[in-house]
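As structure tokens, the structure follows; a few thoughts come after it.
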Amino acid sequence: MKKIVLVVLVALVGFVAQAQEKKNKNAKYVTEVNGNCGLCQKRIQKAALSVEGVKSATWDVPSHQLSLILNEEKCSLLDVKKAIAKVGHDTDEVKATKEDYDKLHSCCLYERKE
């Protein structure tokens, strides 16, 4: 009986320790965001920085790569991608609605992938 209680106790402690995975306060990510120009850059970076927990957001025009530093205790990469899609820019995971895309300035209308 003592062995059964001990096995259950060890299993429970292992489960609880695994459930308390610590989130990174300075997580770094690079993700693709579609856009064309400096106006896109300002819009994308502003949308990313509007998400609580995003510390840094830099979008490179030629490569379409967004570099982020964020606090995973406050937000996720998916939260940032949703905010960017809401201002009209497709990401690798979240696509902007047609209505949001159509609101972009004419020079910002990038070729969309279906």
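The CG atom of Leu68 sits 6.5 Å away from the CD1 atom of Ile84 when rounded to the nearest 0.5 Å. His89 contributes atom NE2, which lies 4.5 Å from atom CD1 of Ile44 (distance to the nearest 0.5 angstrom). Atoms CG and NZ, from Leu70 and Lys28 in turn, are 11.5 Å apart once rounded to the nearest 0.5 Å. Atom-to-atom distance recorded for Lys25:NZ and Lys74:NZ is 8.5 Å, nearest 0.5 angstrom.
Applying the ring-ring contact (aromatic ring centres under 6.0 Å, His included) test to pairs two or more places apart or on separate chains, those with a residue in residues 40-66 are Trp59-His64. Here salt bridge (charged side-chain N to carboxylate O under 4.0 Å, His left out) pairs that include residues 94-104, with residues two or more places apart or in two chains, are Lys86-Asp100, Lys98-Asp102, Asp100-Lys103.
A single hydrophobic cluster is not seen to contain both Val87 and Leu49; linkage of ILVMFWY side chains at heavy-atom distances under 4.5 Å, directly or through other members, places them apart. Residues Leu39 and Leu66 do not share a hydrophobic cluster, clusters being chains of Ile/Leu/Val/Met/Phe/Trp/Tyr side chains in contact below 4.5 Å.
When the side chain to side chain contact (heavy atoms under 4.5 Å, CB included) test is applied to Asn26, the partners found at least two apart in sequence or on another chain are Asn24, Lys55, Ile69. Residues forming a salt bridge (Lys or Arg N to Asp or Glu O under 4.0 Å) with Asp90 (at least two apart in sequence, or on another chain): Arg112. Partners of Lys46 by side chain to side chain contact (heavy atoms under 4.5 Å, CB included), not counting sequence neighbours: none found.
Scanning both residues, Ala85 and Val94, for their nearest heavy atoms gives CB-CG1, 3.6 Å. Nearest heavy-atom pair, Leu104 versus Cys108, reported as atom, atom and distance to 0.1 Å: CD1-O, 3.8 Å. Considering all non-hydrogen atoms of both residues, Tyr101 and Tyr110 come closest at OH-O, 2.6 Å.
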Please list every donor-acceptor pair under 3.5 Å in which a side-chain atom of residues 29-37 meets a protein atom from a residue at least two apart or in another chain.
residue : atom : partner : partner atom : Å
Tyr29   : OH   : Glu72   : OE2          : 2.4
Thr31   : OG1  : Asp92   : OD1          : 3.2
Thr31   : OG1  : Asp92   : OD2          : 3.4
Asn36   : ND2  : Cys107  : O            : 3.2
Asn36   : ND2  : Leu109  : O            : 3.3

